[in-house]
Amino acid sequence: MSGDFDCPVKIINGDENHIHILFRLNPNHAIKDLMKNVKGESSHWVNQQNFNPSKFAWQTGYGAFSVSESMIGKVETYIRNQKIHHKKQSFIDEYNEFMKKYGLPILQNDEMA
């Protein structure tokens, strides 16, 4: 993450349609400001590198979840193994299973585009 936010990153990994970032959130900053910065700076960098024939942009929104200190190792392993994990279960199916478990609204496939 940008040094301006002082949020040390533990791990970043993802799949073709999403990314996971495990970091320690600095309590002096709001998650919305941090995510705006991450999305803006990364979009700018990707577009400067010309990785895509069309302009890259993140989808609107993001998900943010807190993790207890005792679960950091497990979450780090989960993030490290994204490509293997999503061969067994799609991101949307896993996300909706998680949301149902905690009584949160699920997403439709077209909302993930």
Side-chain angles (χ1 to χ4, degrees):
M1 310 276 167
S2 171
D4 297 344
F5 287 91
D6 191 27
C7 294
V9 174
K10 296 282 287 172
I11 189 170
I12 300 174
N13 197 9
D15 206 8
E16 63 206 25
N17 62 358
H18 69 285
I19 188 167
H20 293 275
I21 307 171
L22 178 62
F23 62 92
R24 292 191 181 276
L25 180 61
N26 181 327
N28 295 318
H29 300 287
I31 190 73
K32 70 177 183 66
D33 297 330
L34 177 69
M35 293 311 302
K36 180 179 178 182
N37 180 268
V38 167
K39 288 174 131 185
E41 286 190 15
S42 61
S43 293
H44 181 72
W45 183 82
V46 167
N47 288 319
Q48 281 187 324
Q49 303 305 310
N50 293 314
F51 290 133
N52 293 321
S54 59
K55 185 176 179 186
F56 173 79
W58 291 102
Q59 70 182 41
T60 302
Y62 58 88
F65 304 93
S66 61
V67 177
S68 68
E69 192 74 30
S70 64
M71 295 300 291
I72 288 176
K74 187 173 182 177
V75 172
E76 193 171 352
T77 299
Y78 168 80
I79 291 172
R80 184 175 292 108
N81 295 314
Q82 282 298 287
K83 296 204 186 320
I84 296 167
H85 180 75
H86 288 304
K87 286 181 181 179
K88 299 174 191 169
Q89 183 178 34
S90 73
F91 171 71
I92 188 77
D93 289 345
E94 179 184 33
Y95 182 85
N96 283 335
E97 185 178 292
F98 180 85
M99 299 304 271
K100 284 179 193 175
K101 181 177 179 178
Y102 294 101
L104 300 167
I106 64 168
L107 297 175
Q108 303 304 314
N109 281 323
D110 60 341
E111 292 178 292
M112 295 303 295

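- Scanning all heavy atoms of the two residues, the minimum distance from S43 to A57 falls at OG-CA, 4.3 Å.
- In this structure, F91 is a member of the same hydrophobic cluster as F65, with clusters built from ILVMFWY side-chain heavy atoms closer than 4.5 Å.
- At distances below 3.5 Å, at least one donor-acceptor pair connects side-chain atoms of K83 with backbone N or O atoms of G14.
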Intermediate values then yes/no, side-chain contact (heavy atoms from CB on, under 4.5 Å), S90 and Y95: CA-CA 8 Å; S90 73; Y95 182 85; over 6 Å; no
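- Counting only heavy atoms from C-beta outward, the side chains of V75 and I79 approach each other to under 4.5 Å.
- When side chains are defined from C-beta on, H86 counts as touching H18, because their heavy atoms get closer than 4.5 Å.
- A distance of 11.5 Å separates CD in Q49 from CG in N52, rounded to the nearest 0.5 Å.
- Dense packing is recorded around NE2 of H85, with more than 12 heavy atoms of other residues, nucleotides or ligands lying under 6.0 Å away.
- Rounding to the nearest 0.5 angstrom, the gap separating the NZ atom in K87 from the CG atom in D15 is 9.5 Å.
- Residues V38 and Y62 are not in side-chain contact: their nearest non-hydrogen atoms beyond the backbone lie 4.5 Å or more apart.
- Annotation: side chain to side chain donor-acceptor pair (under 3.5 Å) contacts of N28 (sequence neighbours excluded): N26.
- Within the 4.5 Å cutoff, side-chain heavy atoms of I72 are placed close to those of R24.
- The residues K36 and E41 are annotated as not salt-bridged, no charged nitrogen and carboxylate oxygen being separated by less than 4.0 angstrom.
- The line from NZ of K88 to CG of N81 is 8.5 Å long, rounded to the nearest 0.5 Å.
- By the side chain to side chain contact (heavy atoms under 4.5 Å, CB included) test, S70 is found to be paired with S68, residues two or more places apart in sequence or in another chain being considered.
- Scanning both residues, I106 and M99, for their nearest heavy atoms gives CG2-CB, 4.3 Å.
- We find the SG-CD1 distance between C7 and I21 to be 10.5 Å, quoted to the nearest 0.5 Å.
- Taking the six-membered ring where the residue is Trp, the centroids of F51 and W45 are separated by under 6.0 Å.
- Classification of E97 and K101 as a salt-bridged pair fails, no side-chain N sitting under 4.0 Å from a carboxylate O.
- Taking the six-membered ring wherever Trp is involved, the centroid distance between the rings of H20 and Y78 falls below 6.0 Å.
- In terms of heavy atoms, V9 sits closest to F23 at CA-CB, 3.9 Å.
- Around the OH atom of Y102, the shell of radius 6.0 Å holds no more than 12 heavy atoms that belong to other residues, nucleotides or ligands.
- Qualifying side chain to side chain donor-acceptor pair (under 3.5 Å) partners for H29, counting only residues two or more places apart in sequence or in other chains: none.
- Distance NZ/K55 to CG/N50: 12.5 Å, rounded to 0.5 Å.
- Here the straight-line distance linking atom NZ of K10 with atom CD of E76 works out to 4.5 Å at 0.5 Å rounding.
- The minimum heavy-atom distance between I19 and N13, with the atom names listed, is CG1-O, 3.5 Å.
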